[in-house]
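When a ligand or atom number is given, it counts from 1 through the structure's own listing order.
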Amino acid sequence: MRIDVVTIFPEYLAPLDLSLLGRARRDGLLDIHVHDLRTFATDRHRTVDDSPFGGGAGMVMTPQPWAAALDAVVAQGRTASMPSPHLLVPGPGGVPFTQALARRLAGEPWLAFACGRYEGIDERVYEHAAARMPVTVVSLGDYVLNGGEVAVLAMVEAIGRLLPGVVGNAESLVEESHEDGLLEYPVYTRPAVWADGDATRAVPPVLLSGDHAAIAAWRHQQRLARTAQRRPDLLPASAVTTTLSQLGLRLAVPADAEEILVLQRACWVPEGRINQAWDIPPLVETIDDVRAGLTAYRTWVGHSGGRLVVSGRARISPEDPAVWELGRLMVAPDLAGRGIGRELIAFLESQAPDTCRTAWMNTGDRSERNLRIYRKAGYRRMRTSPRYAGTVELTKRLR
Ligand code: 6GU
C-alpha cells in the first residue's frame, strides 16, 4: 500500500519509522511518503494561511499550496493501475473512523492524508481534490485536536496493521475489541497468585481449569458485561436493559413526539392483530394527535441504547378529580418479559397527586397479556359498561 501525507510538520510523522509499521516500511509492505506543504507555497515567506473571509477567529489554510501539493502527490504516485489516491482529511467534523472503515481502507492500494491546522482548509481545496480523487473527511472522535497529524498516526497504525504480513500473528487480529462488536475480555499471565503488597490477587480460577468450553463461556460473559458497562451503545437495548431504573425516565418534551408515535405503533400492532381491528386509536393517531396528548397528559419516556423504549402517561380524570387516569403504557417489544411494564405502572401510580384515591386504565377485552399484567398489579374490572366497545376498564384503589 502506498500512503502519502501532506503536512506543515513532517517531523510529527517520524514515529511511522518505529515498531511494526517501521518494519513494514523497511520490508516494502508500506510505502509511506511525507510531504512538507510549505515547499509548495510560491511566495517569499512560504505562507500557507490567511485570515477568514467573513471574520471569525484564527487562520484558514490557503488553497494554492494545497492544490499544488495534491497535484504533485498524484503526479508522483500515479500508475496505470492506480490513477489517484483516496484522499482522507482528518478533522473533528468528519465521518467516524471505525474498525470497519479501517478494514475498508486497508483494501485500497493508495491513500493520501491532508493534515489541516488552524481553523481548517479553504473549502475550495475539497472541490479541487474531489474533481480528481475520492475524498473523505474522517474524525477519530468527538474532541478537538490541534491538527490532523496525530490522527494520521492513529489511522495509519489502525489501517497498516490490517495489511497481510504487518502483524505476525493473524489470530490476534481476529480476537480483538471491535472486530465483532464486543469489547475484549480481560487477560492474565503468571503468577497465578500475585502478592501485591498487602493485597493478594489471584487469576480467575476458570482460566486454570483446563476446561476450554468453560473458559470460552466465561470470556464471552466478560465481554458482554464489559461492553454493557463501558459501551452500552454497542449493544442492542435488549442486552443492556433489565429494569426501569436503568432507563432514567423523564417527562416527555414535544421533540419526543415522533419517537413516541413509532413506539406506539410497534406496541399496538399486536393489539390490532388480536382484535382484527386496525382502526384502534393508538394505531391511527397522527403526529399531531401525539403532540396534543403531550399537553393533555403528563407523559414520561425512557431510553436505552439511544432509542426511546418506554413511555406512559397519566392525568387527573377530567370527569372525576379523585381518579388518576393511566394510559399509553408502552414497552418496546424487544424488552418484553422483563417486568418493565409492571415497574412502569408502579411509577405512574407513584406520580398520582394525594387528591386521587383510585387509578384507572382501559385495554382491549381480548388483550390477555395486558389483562394479566394489570391484574397482577392489583387492577380489577369495573362492573359498569365500558365507554368504548371491545375494551375493558380497570381500577385500583391507591389510598
Ligand atoms: Cl481526525 N483531526 C483533528 N484535527 N481533530 C480531531 C480529529 C481529527 N478527530 C477528533 N478530533
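- Backbone and side-chain nitrogen or oxygen atoms of L140 are examined, and one is located within less than 3.5 angstrom of a nitrogen or oxygen of ligand 1.
- Salt-bridge check for E258 with R291: passed, with a basic side-chain N closer than 4.0 Å to an acidic carboxylate O.
- Contacts of F97 with ligand 1, taken as heavy-atom pairs under 4.0 Å, are absent altogether.
- Near V138, with a cut-off below 4.0 Å to any heavy atom, the atoms of ligand 1 are 1 (Cl).
- Neither the backbone nor the side chain of N146 has a heavy atom within less than 4.0 Å of ligand 1.
- At the top of the distance list for atom 11 (N) of ligand 1, counting protein heavy atoms only, stands Y143 O, 2.5 Å.
- Here the protein heavy atom with the shortest distance to atom 3 (C) of ligand 1 is P92 CD, 3.6 Å.
- If you look at S139 next to ligand 1, the close heavy atoms, those under 4.0 Å, come from the backbone and the side chain alike.
- At distances below 3.5 Å, not a single donor-acceptor pair connects side-chain atoms of R226 with backbone N or O atoms of L183.
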What donor-acceptor contacts under 3.5 angstrom involve side-chain atoms of residues 148-160, with partners at least two apart or in another chain?
residue, atom, partner, partner atom, Å
E149, OE1, R117, NE, 3.0
E149, OE1, R117, NH2, 2.8
E149, OE2, T7, OG1, 2.6

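- Of the possible polar contacts, one joining the R46 side chain to the A41 backbone as a donor-acceptor pair under 3.5 Å is found.
- The main-chain N or O of C267 is never found under 3.5 Å from a side-chain atom of E271 such that the two would form a donor-acceptor pair.
- Using cut-offs of 30° and 60° for the angle between ring planes, the W218 and Y188 rings count as tilted.
- Counting atoms of ligand 1 from 1 in the listed order, those under 4.0 Å from a heavy atom of G91 are 1 (Cl), 2 (N), 3 (C), 7 (C), 8 (C).
- The closest side-chain donor-acceptor pair between W360 and E393 falls under 3.5 angstrom.
- At least one N or O atom of L145 sits closer than 3.5 Å to an N or O atom of ligand 1.
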